[in-house]
**Q** 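Sharing a structure, written as structure tokens. Questions coming.
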Amino acid sequence: EETVKIGYLAALTGDWAAYGQTEKNTAQLAVDEINAKGGIDGRKVELVVYDFRGRQEDAVNAVRRLLEEDKVSAIVGANASGINIATAALVNRAEVPQIGTVSTNPMVTVDRKGKVRPYSFRICFTDPYQGKLIAWFAAKELGKTKAAVLYDIASDYAQGLREFFIKSFEEYGGETVADEAFKGAQDVDFRAQLTKIREAGADVLVLPNMGKEMALIMKQARELGMDDLVFVGGDGYAEFMWEIAGKSMENSYWINHVSPSDPNMAKFFEDYEAKYNDECKEFVNGILGYDAMYWLFDAIDRADSTDSVKIAQALADTKDLQLHHATITMDEFHNPLNKDGIVLIAKDGKGQFFKKIKPE
Amino acid sequence: MSAYAEGIFILLLINAIAAMGVSLLTGFTGIFTLGHAAYLALGSYTTAILTLDYGIAWLPAVLAGGIVAMVVGYLIGLPTLKLMGDYYAIASIGLAESIRLILENWQSLTNGARGLAGIDTFTTLPVALSFFIVMAIVAFCLINGRFGRSLKACRDDHVAAALLGFDVAKIRVASLSISALYCGLAGGLYAGFISFIQPMMFDMLKSTEMTAVVVFGGLGSMSGCILGTTVITMVTELFRPISQYRMLIYGLVLVLVMVLRPEGMMGQHEIGGLLKRLFRRGGDRS
Amino acid sequence: MATLIQQIINGLSLGSIYALIAVGYSLVYSILMFSNFAHGGFLIIGGYLCYFALNSAGFNIWVAGFGALIGAGFAAVATERLTYKPIRERTSVTLYLLIASMGMNIVIENIFVIVAGGRFRALPPVIPTTPVHLFGNATTSALDLISLVTAFVFLGGLQLFLTKTKWGLAIRAAACDLRVAGLMGVNTSKLISIVFFVAGLLAAVGGIFLSVRYTLYPQLGMITIKAFVAAVIGGLGSLPGAVVGSLILGLSEMLTAGFLSSQLRDLVVFSLLVITLIVRPTGLFGKDVKEKV
Amino acid sequence: MDGKKPLLSVRGLEVSYGAIKALLGVDLDVYEGEIVSVIGANGAGKSTLMNAIMGDVARQAGEVSLDGKPLSSKSFQVVHQGVSLSPEGRKVFAPLTVEENLMMGAFPRQDRLEIHRTLAHVFELFPRLEERRQQYAGTLSGGEQQMLAIGRALMSTPRVLLLDEPSLGLAPIVIKDIFKELKTINEGGMTILLVEQNARQALMLSHRAYVLQTGRVIMEGPSKELLANPEVEAAYLGTGHH
Amino acid sequence: MTAILELDNLNKFFGGVHAVRDVSFSLEKGELAGLIGPNGAGKTTIFNLITGVYPLDSGHIVSNGKEINGLRTCDAVGLGIARTFQNLRLFKGSTVLENVMTAGQRHHRYSFLEAATHLGRWKKTEKTIRDEAMEYLEKVNLAKDADRMAGTLPYGHQRRLEIARALALRPELLLLDEPAAGMNPEEVQALNGLIVGIHKEFDLTILVIEHHMELVMEICPHVVCLNFGAVIAEGPPEEIQGNPEVLKAYLGEEVE
Ligand SMILES: Nc1ncnc2c1ncn2[C@@H]1O[C@H](COP(=O)(O)OP(=O)(O)OP(=O)(O)O)[C@@H](O)[C@H]1O
Ligand SMILES: Nc1ncnc2c1ncn2[C@@H]1O[C@H](COP(=O)(O)OP(=O)(O)OP(=O)(O)O)[C@@H](O)[C@H]1O
Ligand SMILES: [Mg+2]
Ligand SMILES: [Mg+2]
């Protein structure tokens with residue numbers, strides 16, 4: 001009988017290894033689950049995972065290999081916009097759909113001329129949308145007016161989010177009093193920037209960064225005695241941050257795709273722990289990877305074919321699909337339409353659901 | 001050839017062009033660099049910007065990339081090439097990181113960390129192969145002759161070289177400029193291969209890889225650096241399925257070659273020379 | 001004014017961590033004349049050993065810390081014996097050592113990626129990080145003061161050892177010519193092992209401080225690059241240079257980020273490096289013994 | 001000498017550098033209290049012999065023993081066993097001062113007071129070194145460095161002193177002094193194995209001598225006999241200007 | 001006859017060491033002169049001053065009537081000056097032949113384009129450079145070692161290679177720093193012949209530093225003796241040999 005081959009592009013080594021490994025695990029979890037149920041319409045799923053070290057040239061070769069040697073029907077990953085953009089040309093030429101997990105750059109699914117790339121998809125927010133969510137939350141929900149941003153200048157994700165946050169925040173009538181940067185892979189000390197932010201009198205600090213940096217920044221800010229400053233982050237929240245920053249995290253917010261305390265996700269966390277004997281701490285990547293797989297399963301089911309062109313069409317036609325973490329509908333640019341922002345709050349030593357937002 | 005194999009082959013050719021540039025500087029001139037990814041970056045950004053924003057055809061854009069890298073190499077070389085040994089190596093890290101920082105900060109031109117997308121994928125196999133062949137011929141010609149000898153003289157003993165009339169500083173700068181040209185051209189082709197470039201692609205890891213490949217192949221051997229590129233590319237590619245262990249294996253291979261054959265795979269020899277010797281020995285026997 | 005003081009304190013504290021790393025790196029450089037890029041590896045070995053001893057084995061900080069120092073020391077010695085020694089014995093080109101050390105760094109980093117996962121971990125606050133108030137408004141943490149003191153204690157001890165003892169002299173002689181040092185009756189293998197042990201130990205101290213201050217992950221060794229830059233500004237192989245360079249680097253990073261532009265922080269740092277080297281090609285304290293022609 | 005056991009004995013020593021065979025089975029004996037010289041053309045293998053005795057280059061075959069006990073193959077242990085070398089080409093520690101270089105020579109010794117006595121003795125022998133005590137060795141003139149290398153080897157007060165071309169680059173007056181001094185040192189009980197290009201003077205100083213040619217001993221005997229040997233005269237002594 | 005090299009009141013200090021003090025002497029074109037003196041007298045330093053390796057503290061160096069103070073090292077050869085080194089400075093990573101070719105190539109040009117493509121004059125010129133280099137090697141009797149790595153030659157042979165390399169520069173003035181060091185008397189004799197030979201053949205002016213008196217006294221009609229950085233005697237060898245100061249400082253009083 002027919003099997004469906006799905007490729008997965010994960011950063012198993014290099015700077016993003018922590019995220020990549022979790023994604024690989026959750027993708028495998030999803031595959032095992034579907035196969036245990038007899039596959040998709042009787043089709044067993046086979047997962048081929050390749051590492052790309054967090055590097056474009058590696059990713060390009062990995063994708064070429066997935067397309068040419070493994071002849072996969074679809075590809076999930078990577079967890080970085082840069083990688084998806086670099087591989088977009090390949091998958092679109094080969095007419096094999098690719099789903100970015102946390103690839104938020106608009107260019108992932110549209111080309112320079114603003115035309116949608118037919119075979120590129122994403123399951124996460126886009127930068128403009130998420131930037132707007134954060135700005136909305138800071139300005140309208142928290143009522144802050146003086147924002148500071150501290151972002152990773154070497155990260156496309158952080159640069160994108162920062163830009164769109166500032167734009168929207170100013171539209172909502174706020175003022176950006178400090179716009180500071182650091183260098184992601186190397187810098188671990190942010191006290192200089194924080195001191196400056198303290199001087200600028202910001203009342204909210206927006207951190208469009210990854211977990212490690214956010215945690216370090218929060219910890220160092222509290223060490224500098226900046227007790228009143230409120231932190232708002234994007235979807236970089238991860239459980240391990242508590243180990244680094246501990247109490248400094250309390251009462252901070254993240255505008256996320258999903259909450260770890262979401263009852264819909266409880267089973268996922270249990271299964272993960274049972275299978276890997278480890279907590280799923282990088283859960284945003286984990287869950288998006290996991291649900292990207294389920295989205296794909298659904299599309300294959302609807303397409304009733306392992307033909308990649310048909311699968312792509314089914315992906316594009318997705319409407320009100322109930323996944324584990326959200327219900328998604330594709331817009332014309334292959335982005336999830338007006339996905340709810342899940343606000344997390346750090347309370348009592350864990351990240352908890354705070355509220356759902358959707359800006360006007 | 002499958003597109004996968006072709007992709008690897010193209011990448012290999014591009015890497016080999018860059019490796020020849022590094023080899024010229026590190027192997028033949030004795031200047032150890034840990035920052036040559038910067039010239040790759042300059043080449044690819046120039047090419048990308050010229051083709052995307054100014055609509056210039058790819059060939060002149062790639063050439064311009066090489067020239068920009070060369071000019072920057074020249075300007076950097078003038079003040080810094082009097083540094084010796086590890087001092088230059090560490091300085092080159094700094095210089096490369098600075099260039100990367102400028103690329104990250106100069107949003108209007110480079111789009112910062114988010115990179116430039118949608119570059120024409122003009123680097124097809126014939127293109128990469130032709131560039132490689134031309135560049136390899138030039139490299140082999142250059143080192144076999146007066147230029148090669150003067151590089152080696154400056155590498156082995158700069159005082160004696162000066163007394164033979166070589167302006168050591170000038171030769172070092174010339175070597176860096178040509179080496180930057182190679183890397184710049186490779187960078188342009190690279191942009192045309194990946195179609196998307198970001199500053200973080202040209203980080204220190206990339207730089208050290210470029211140098212490691214050259215040492216791995218044999219300092220002072222052009223064919224060595226090509227062989228080195230091939231082996232390292234193959235090793236990383238072959239072990240893709242056992243991905244977690246891939247970098248570990250890469251590191252181990254690097255260490256093992258240094259331990260077992262510190263002079264690199266080819267030592268100072270060229271393939272031609274080895275073949276000739278083999279041939280001669282065979283001739284003796286008969 | 002308060003900001004200035006705060007930034008200076010920030011800078012000194014960052015500098016002191018660089019110093020701990022730079023001193024070990026400089027020490028190895030002074031004897032084998034190559035930049036040991038595996039130093040970052042030793043650092044994470046120290047960090048992880050301490051982490052696992054505390055968390056998995058449940059030792060107290062003193063036992064765990066001590067174990068981590070010794071463990072990293074031995075790891076450094078093993079690295080030297082297994083990889084550098086065979087190379088040293090075959091060739092005098094230090095470049096090969098450098099490449100091997102980069103290889104070792106990749107190996108160590110990835111061993112931890114496999115064994116411990118790429119995840120970020122935090123050491124429990126075994127070294128107090130409580131805020132300490134200085135000069136009124138300015139704040140620092142106890143850890144910063146401890147790391148500054150530790151850096152100076154280790155440096156002072158090493159400096160005394162190198163200049164005042166016979167073995168110190170032997171180290172300096174070996175630094176210049178290993179073979180001839182052997183001809184003087186110095187057991188150079190043992191000597192180098194000692195040096196690597198000390199370097200590994202210092203790296204582990206740095207690793208533990210870094211893990212507590214920041215976080216622990218396989219790529220933490222990257223920070224050694226800044227420490228190398230500091231050592232080069234100070235003059236390779238000079239221990240006081242390593243410390244002064246580190247403090248200068250820490251200060252200029254913080255002052256740039258604080259008063260110029262955090263976006264350009266590293267640009268200023270690296271320009272400082274290049275300018276220092278252009279003015280003084282062997283760093284601030286580097287010995288500039290012109291070779292005699 | 002028959003019946004007496006040699007202090008330093010070399011048997012069947014072979015050394016090669018890659019494909020180049022530098023020593024092809026050398027036998028050599030040095031008895032207690034002797035000065036033995038080794039002469040031979042460039043590339044004959046003299047320095048290789050000295051370095052192989054020290055364990056500084058690997059011995060492929062053969063044995064080297066001191067007082068009947070085998071000499072270690074590690075150079076630092078050889079020094080502790082009582083043999084020290086003033087190497088060809090000086091090899092001083094350039095970034096260390098003259099005094100530090102000399103103290104390095106005394107590395108195997110523990111007796112502080114005695115070390116200072118030896119140091120005074122070396123300074124007496126080479127007053128120039130005392131003047132330059134604090135100068136970096138690397139900036140000394142060639143001859144000064146040679147003096148330093150000899151002084152440094154003396155500092156360990158070895159049982160057997162190996163000298164590889166001690167007169168290289170030295171002024172005639174210093175050579176005379178050194179040879180005189182070597183005689184005194186020898187009379188004080190130190191055994192010396194000397195490699196020299198200045199064959200005539202070496203032969204005049206030494207008790208016995210070996211002639212090395214392309215890695216083999218081709219002649220040996222009392223120095224006086226070799227000095228008178230017309231073959232040796234023709235090949236190694238030159239007509240000289242004396 | 002004109003002076004090819006005039007040293008006028010040269011002084012050089014190294015920290016507290018007055019290595020060269022008020023040294024003046026001159027060399028006529030075509031001379032073969034010896035420079036002797038005790039160790040550390042400043043002989044090598046004078047070579048270093050002439051070739052611009054060290055800057056001069058005071059004084060004048062005049063070559064062919066032109067003052068060349070503050071000369072850059074790499075310009076020395078353009079003025080026809082070549083030298084060898086007391087501590088050998090060969091290109092150890094190149095073969096014996098390449099060492100000489102590296103020196104000889106300055107007399108033969110081809111364009112960068114030709115170098116990068118091996119077209120045009122490349123082949124012919126390279127052959128000329130190689131042939132010439134072989135000739136120099138033959139002169140110093142090293143032709144059979146042409147393809148060995150320079151660093152593996154025995155010490156004495158390396159010295160001769162240095163001479164060949166210097167000759168390949170086709171200098172007018174050749175400075176030899178202890179060319180006979182490490183040679184046995186027989187070889188010194190051969191070197192004598194070599195130096196006299198090249199002196200004649202290439203119409204050279206040679207200044208040689210040596211401690212082998214049999215060499216200096218036999219071949220150098222003009223000898224300068226230094227002590228403590230200053231000239232203490234100058235003249236023909238017989239005179240020098242008898243000079244009491246030279247005897248006391250350098251040769252040793254009693255001559256057996
Ligand atoms: N490191 C080396 N690599 C290769 N060959 C070497 C090396 N050292 C010496 N040789 C070769 O070994 C042989 C013996 O050399 P050695 O230096 O012992 O001679 P020597 O008698 O001391 O000569 P000299 O009088 O010039 O000092 C020579 O042929 C020399 O070329
Ligand atoms: N770069 C330097 N720094 C300090 N002192 C130096 C330097 N170069 C030379 N000297 C000193 O200057 C003096 C002259 O040295 P020089 O090398 O000219 O002597 P030399 O006459 O060539 O002696 P030799 O015959 O032993 O080679 C010596 O005392 C030496 O120590
Ligand atoms: Mg010898
Ligand atoms: Mg001299």
Side-chain angles (χ1 to χ4, degrees), chain B residues 26-27 30 32 34 76 78-80 82-102 104-105 112 158-160 163 203-205 208-209 211-216 219 244-264, chain C residues 29 33-35 37-38 79 82-91 93-111 113-114 222 225 228-229 231-233 235-236 261 263-278 281-283 286 291 293:
Chain B
T26 301
F32 190 45
L34 290 175
I76 285 181
L78 281 183
T80 56
K82 64 176 182 181
L83 302 178
M84 293 292 174
D86 286 23
Y87 284 98
Y88 180 79
I90 302 282
S92 72
I93 296 180
L95 291 165
E97 288 292 299
S98 305
I99 289 180
R100 194 151 72 92
L101 262 164
I102 293 172
E104 274 161 6
N105 274 294
H158 62 103
V159 178
L163 277 159
D203 60 359
M204 209 191 119
L205 191 67
T208 52
E209 234 173 67
T211 303
V213 158
V214 169
V215 179
F216 185 85
L219 284 179
Q244 237 133 311
Y245 303 94
R246 219 151 58 91
M247 286 306 286
L248 183 67
I249 291 166
Y250 169 70
L252 279 175
V253 167
L254 216 57
V255 174
L256 278 181
V257 169
M258 287 299 109
V259 170
L260 300 177
R261 203 178 152 73
E263 65 280 20
Chain C
Y29 186 91
M33 298 298 185
F34 83 101
S35 290
F37 278 79
T79 304
L82 291 176
T83 57
Y84 304 157
K85 190 159 179 242
I87 301 174
R88 260 196 294 116
E89 280 169 354
R90 272 213 242 157
T91 155
V93 183
T94 52
L95 191 52
Y96 301 133
L97 290 171
L98 204 149
I99 296 290
S101 75
M102 285 180 174
M104 272 318 283
N105 198 38
I106 297 177
V107 169
I108 297 174
E109 184 181 308
N110 283 281
I111 286 179
V113 169
I114 292 165
M222 273 295 277
I225 297 297
F228 291 1
V229 168
V232 168
I233 290 180
L236 277 170
S261 151
Q263 278 86 346
L264 296 178
R265 162 169 162 176
D266 281 11
L267 198 60
V268 172
V269 168
F270 291 126
S271 312
L272 187 77
L273 167 78
V274 172
I275 291 167
T276 310
L277 289 184
I278 289 172
T282 50
E291 61 183 319
V293 177

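Fair warning: this is a prediction, and the values are worked out from it, not measured in the lab.
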**Q** Would you indicate whether the side-chain heavy atoms of B/L34 and C/M102 approach each other to under 4.5 Å?
**A**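 A side-chain contact exists here, since the closest heavy-atom pair is under 4.5 Å.
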**Q** Excluding sequence neighbours, so at least two apart, what forms ring pair (Phe, Tyr, Trp, His ring centres under 6.0 Å) with B/F32?
**A**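 Partners of B/F32 by the ring pair (Phe, Tyr, Trp, His ring centres under 6.0 Å) criterion come out as none, since no residue qualifies.
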**Q** Applying ring pair (Phe, Tyr, Trp, His ring centres under 6.0 Å), name anything that partners C/F37, two or more places apart in sequence or on another chain.
**A**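 Counting only residues at least two positions away or on another chain, C/F37 forms a ring pair (Phe, Tyr, Trp, His ring centres under 6.0 Å) with C/F228.
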**Q** Is the backbone of C/I278 close enough, under 3.5 Å, to the side chain of B/K82 for a donor and an acceptor to pair up by distance?
**A**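 Present.
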**Q** Is the shortest side-chain heavy-atom distance between C/I99 and B/F216 below 4.5 Å?
**A**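 The answer is no, as the side chains (C-beta and beyond) never meet within the 4.5 Å cut-off.
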**Q** Please state whether the side chain, the backbone, both or neither of C/Y29 comes within less than 4.5 Å of a heavy atom of chain B.
**A**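 When you check distances to chain B, only side chain atoms of C/Y29 fall under 4.5 Å.
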**Q** Hey, could you give me the CE/CG distance between C/M222 and B/L205, rounded to the nearest 0.5 Å?
**A**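 Taking CE in C/M222 and CG in B/L205, the distance rounds to 8.0 Å.
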**Q** Is there side-chain contact between C/L95 and B/L219, with heavy atoms separated by less than 4.5 Å?
**A**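 Side-chain contact under 4.5 Å: yes.
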**Q** Looking only at atom types and distance, does a side-chain atom of B/Y87 sit under 3.5 Å from a main-chain N or O of C/T282, one as donor and one as acceptor?
**A**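 Side chain of B/Y87 to backbone of C/T282: a pair is present.
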**Q** For the residue pair B/I93 and C/V229, establish whether any side-chain heavy-atom pair is separated by less than 4.5 Å.
**A**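 A side-chain contact is absent here, since even the closest heavy-atom pair is not under 4.5 Å.
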**Q** With chain C, which of B/V255, B/L254, B/V259 has the greatest number of heavy-atom pairs at distances under 4.5 Å?
**A**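 The option with the most such pairs is B/V259.
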**Q** Does any heavy atom of chain B fall under 4.5 Å from the side chain of C/V274, the backbone, both, or neither of them?
**A**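 Just the side chain, heavy atoms under 4.5 Å.
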**Q** Quick one: what part of C/I225 sits under 4.5 Å from any heavy atom of chain B, side chain, backbone, both or neither?
**A**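 Looking at C/I225, just its side chain touches chain B.
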**Q** What part of C/L98 lies closer than 4.5 angstrom to a heavy atom of chain B: side chain, backbone, both or neither?
**A**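 Contact with chain B: side chain only.
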**Q** From B/Y250 OH over to C/N110 CG, what is the distance, rounded to the nearest 0.5 angstrom?
**A**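 B/Y250 atom OH to C/N110 atom CG measures 11.0 Å (nearest 0.5 Å).
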**Q** Chain C heavy atoms under 4.5 Å from B/I90: which part of the residue, side chain, backbone, both or neither?
**A**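 Interface part for B/I90: both.
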**Q** Picking from C/V107, C/D266, C/V269, C/T83, which has the most non-hydrogen pairs under 4.5 angstrom with chain B?
**A**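 Top option by heavy-atom pairs under 4.5 Å: C/V107.
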**Q** Mind listing the closest non-hydrogen atom pair of C/F270 and B/G94 along with its distance?
**A**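 It is CD2-CA, 3.2 Å.
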**Q** Quick one: what part of C/L267 sits under 4.5 Å from any heavy atom of chain B, side chain, backbone, both or neither?
**A**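 Interface part for C/L267: both.
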**Q** Do the side chain of B/D86 and the main chain of C/S35 share a donor and acceptor less than 3.5 angstrom apart?
**A**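 Yes: the side chain of B/D86 pairs with the backbone of C/S35.
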